[in-house]
Amino acid sequence: MDRFYKTFQSESAVIISKNKTITSSELQKKVLSATEYILEKGIKENDRVVILGNNSIDFIILILALWEIKAVPVPLNFNLSDKELLLILVKLSPKKILYDINLNKLHGLRNQKNISFPFNYSSSKKEKKENRKLDLETTALIIFTSGSSGKPKGVKLSFNNLIKSAEAQNNFLELNQHDKYLASLPFYHVGGFSIIIRMLLSGGTIIIPNSLKIDDLIDSITKYQVTSVSLVTTQLKRIIDKNFIRQLTDYLKNILIGGSFINNNLIAKSFDEGLPIIKVYGSTETCSFITAKRINSKNDISNSLGNIIGSNKMKVVDNYIAVKGESVMQGYFNQHTDFTTDGYFVTEDIGFIDSNNELIIEGRREDIIISGGENISLREIENLVTEFYKIEDAVVTGLEDDEWGEIVAVVVVSLDNEIFPLIELNNFLSDKIAKYKLPKRLFFVDNIPRNEMGKVLKNELLKIIKPNE
């Protein structure tokens with residue numbers, strides 16, 4: 001852990017949350033206290049430990065405490081349905097679950113095996129051990145992401161992955177101890193988690209808003225004069241709609257946009273407002289963003305997602321983007337991971353690298369969309385939709401959307417030609433999938449165009465539901 005703590009040499013702020021400031025020395029004391037507490041609870045080296053909670057100081061403390069004892073933290077999305085969470089927990093077999101006591105929906109996890117937080121941090125009885133060697137190739141973190149089948153995949157990231165990725169990102173963003181980075185994305189996503197590592201290594205300050213609601217994000221940006229923020233398209237659009245942009249340009253130097261379809265009209269509007277936009281591309285498997293493009297002029301607004309950063313490499317394999325380097329994951333937890341013979345991981349994204357060595361993404365495997373920064377498997381939803389008793393045939397597709405980037409749309413052939421409202425279908429789905437996966441559009445058709453093999457003809461389908469485009 002010394003590699004992280006060496007950046008905290010002063011009493012400058014490290015984390016600010018709800019008007020509470022935690023300095024470097026205070027952070028170390030709380031981490032040591034938490035370490036002793038979780039050791040007493042039976043957590044030991046190599047144990048996999050789930051963390052369920054909102055972005056908070058305690059979340060960061062627990063991550064660092066687990067690393068102190070060489071356990072492996074696994075932050076999970078608490079917005080998943082009980083069924084989805086159970087699927088991951090069965091696969092993972094964690095030693096313990098650390099859960100935020102304020103998350104009322106997690107009442108089923110409150111048992112003797114699990115540990116609630118926050119808890120009282122007593123004075124540490126032990127001195128911090130110095131010069132502990134950090135094995136950079138050890139698995140530091142497991143973050144679950146959705147695969148093409150809708151079955152969750154645990155992405156294993158090493159300390160080297162986290163450090164090298166953050167170093168490359170910090171270098172591109174020119175982050176230092178004077179920077180304030182808003183924790184605007186959930187820590188259980190790699191985009192949010194990577195903010196922690198960037199600031200730990202740069203010596204800057206993590207600003208944790210009261211919530212991830214737009215008004216709270218805006219309040220924190222202005223109150224603390226945040227210098228960097230990572231957003232998905234949905235958040236950027238809603239911030240612009242608030243019409244307060246001019247207040248941001250005096251201190252914001254980096255606004256990262258990624259995680260979904262990026263609307264160039266929105267980027268152009270942001271640029272006109274004077275916002276320092278950076279388009280980024282990456283995934284959980286690449287430990288957050290791995291390419292970046294700063295928008296310095298109207299000529300920079302294109303489909304390009306920029307150049308590769310750090311010492312990472314990129315190429316195209318059978319029309320799919322493939323990546324290699326110290327930012328790329330170790331592999332999937334308890335699941336075979338395909339790397340090419342020369343060590344490249346082939347992503348699910350279709351695209352090419354242009355003459356300027358900049359990445360262009362043309363699409364992704366047809367059954368995955370990203371809506372509001374969340375990966376959604378269309379196949380998973382389709383399998384559930386077809387179980388609804390009023391549906392004879394159905395297909396689930398993604399549609400581009402100015403606010404969400406992409407949304408889930410359901411096209412159905414109903415039994416007896418009955419027209420029913422979307423809310424009726426979503427009520428059927430609501431206890432089976434997370435809220436963010438619920439369809440936002442519902443179309444009725446006489447038949448779904450398919451080829452002789454039964455595969456949906458997507459172009460023909462779009463002509464039916466979007467006839468004027």
Side-chain angles (χ1 to χ4, degrees), residues 161 164-175 190-191 194 198 227-233 236-237 249 252-329 339-365 368-370 373 400 402 405-406:
N161 290 149
K164 292 301 182 181
S165 176
E167 287 177 346
Q169 294 162 2
N170 287 358
N171 183 60
F172 180 89
L173 300 173
E174 298 182 344
L175 299 182
V190 74
S194 62
R198 285 175 209 151
T227 61
S228 295
V229 59
S230 297
L231 302 172
V232 296
T233 302
L236 177 62
K237 183 179 185 301
T249 54
L252 262 174
K253 70 178 189 181
N254 299 307
I255 300 180
L256 281 66
I257 303 297
S260 65
F261 166 78
I262 299 176
N263 187 316
N264 283 330
N265 291 330
L266 181 62
I267 298 301
K269 185 175 181 179
S270 303
F271 180 81
D272 288 340
E273 295 282 0
L275 295 181
I277 298 294
I278 301 171
K279 294 170 69 175
V280 298
Y281 165 82
S283 64
T284 310
E285 288 89 346
T286 62
C287 202
S288 187
F289 75 90
I290 199 170
T291 76
K293 183 180 183 67
R294 187 179 291 276
I295 306 302
N296 293 311
S297 72
K298 280 292 185 73
N299 293 333
D300 290 330
I301 300 174
S302 67
N303 291 328
S304 168
L305 293 170
N307 300 107
I308 197 86
I309 63 171
S311 60
N312 298 296
K313 297 179 181 179
M314 182 176 293
K315 68 177 182 178
V316 177
V317 177
D318 296 329
N319 295 323
Y320 288 100
I321 302 302
V323 290
K324 176 183 179 180
E326 292 182 298
S327 295
V328 180
M329 66 172 179
F339 289 90
T340 62
T341 54
D342 53 351
Y344 281 80
F345 170 70
V346 182
T347 73
E348 295 186 339
D349 295 309
I350 301 169
F352 63 94
I353 299 168
D354 69 13
S355 58
N356 296 318
N357 287 322
E358 295 186 358
L359 174 65
I360 309 292
I361 295 294
E362 298 177 296
R364 53 181 53 89
R365 293 187 179 177
I368 290 288
I369 67 167
I370 303 177
E400 291 182 4
D402 289 341
E406 294 169 292

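Keep in mind that this is a model prediction, so the values were computed, not measured.
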Spacing of T227 atom OG1 and L175 atom CG [to the nearest 0.5 Å]:
7.0 Å
Considering only heavy atoms from C-beta outward, does the side chain of S304 approach that of L359 to under 4.5 Å?
no
Is the closest side-chain heavy-atom distance between V346 and T340 below 4.5 Å?
yes
Ignoring hydrogens and geometry beyond distance, is a side-chain donor-acceptor pair present between S228 and R198 at under 3.5 Å?
no
Indicate yes or no for a side-chain donor-acceptor contact from N312 to the backbone of I290 under 3.5 Å, with no hydrogens or angles considered.
no
Are E326 and S165 close enough that some pair of their side-chain heavy atoms sits under 4.5 Å apart?
no
Carefully, step by step, assess L252 and V229 under the rule side chain to side chain contact (heavy atoms under 4.5 Å, CB included).
CA-CA 8 Å; L252 262 174; V229 59; 4.0 Å; yes
F271 and its side-chain contact (heavy atoms from CB on, under 4.5 Å) partner, picked from N296, I295, L266
I295
Would you confirm whether N307, through its side chain, and N356, through its main-chain N or O, come within 3.5 Å as a donor-acceptor pair?
yes
Does I267 offer a backbone N or O that forms a donor-acceptor pair with the side chain of N264 under 3.5 Å?
no
Residues at least two apart in sequence or cross-chain that pass side-chain contact (heavy atoms from CB on, under 4.5 Å) with A292, listed by chain then number, are F172, I278, V280, F289, I309
Contact list for residues 299-323, test salt bridge (Lys or Arg N to Asp or Glu O under 4.0 Å), sequence neighbours left out
K315-D342
Is the side chain of N319 donor-acceptor paired with the backbone N or O of G351 at a distance under 3.5 Å, no angle test?
no
For K324, which residues count as a salt bridge (Lys or Arg N to Asp or Glu O under 4.0 Å) partner, sequence neighbours excluded?
none
I361 side chain near I321 side chain, heavy-atom distance below 4.5 Å
yes
The side-chain hydrogen bond (donor to acceptor under 3.5 Å, both in side chains) partner of Y281 among T286, T291, D349 is D349
I353 CD1 to I308 CD1 distance, which is reported to the nearest 0.5 Å
7.5 Å
K253 (side chain) donor-acceptor with E174 (main chain) under 3.5 angstrom:
yes
What distance do L275 atom CG and S270 atom OG have between them, rounded to the nearest 0.5 Å?
5.5 Å
Could you measure the distance from the CG atom of D402 to the OG1 atom of T233? Nearest 0.5 Å is fine.
9.5 Å
With rounding to the nearest 0.5 Å, note down the distance linking OG in S327 to CZ in F345.
13.5 Å
Working for side chain to side chain contact (heavy atoms under 4.5 Å, CB included), residues T284 and M329
CA-CA 8 Å; T284 310; M329 66 172 179; over 6 Å; no
Taken to the nearest 0.5 Å, the spacing of D354 CG from I360 CD1 works out to 5.0 Å
Got a donor-acceptor contact below 3.5 angstrom from the K279 side chain to the S302 backbone?
yes
Closest non-hydrogen atoms of C287 and Q169, given as atom of the first, atom of the second and distance, are O-NE2, 3.4 Å
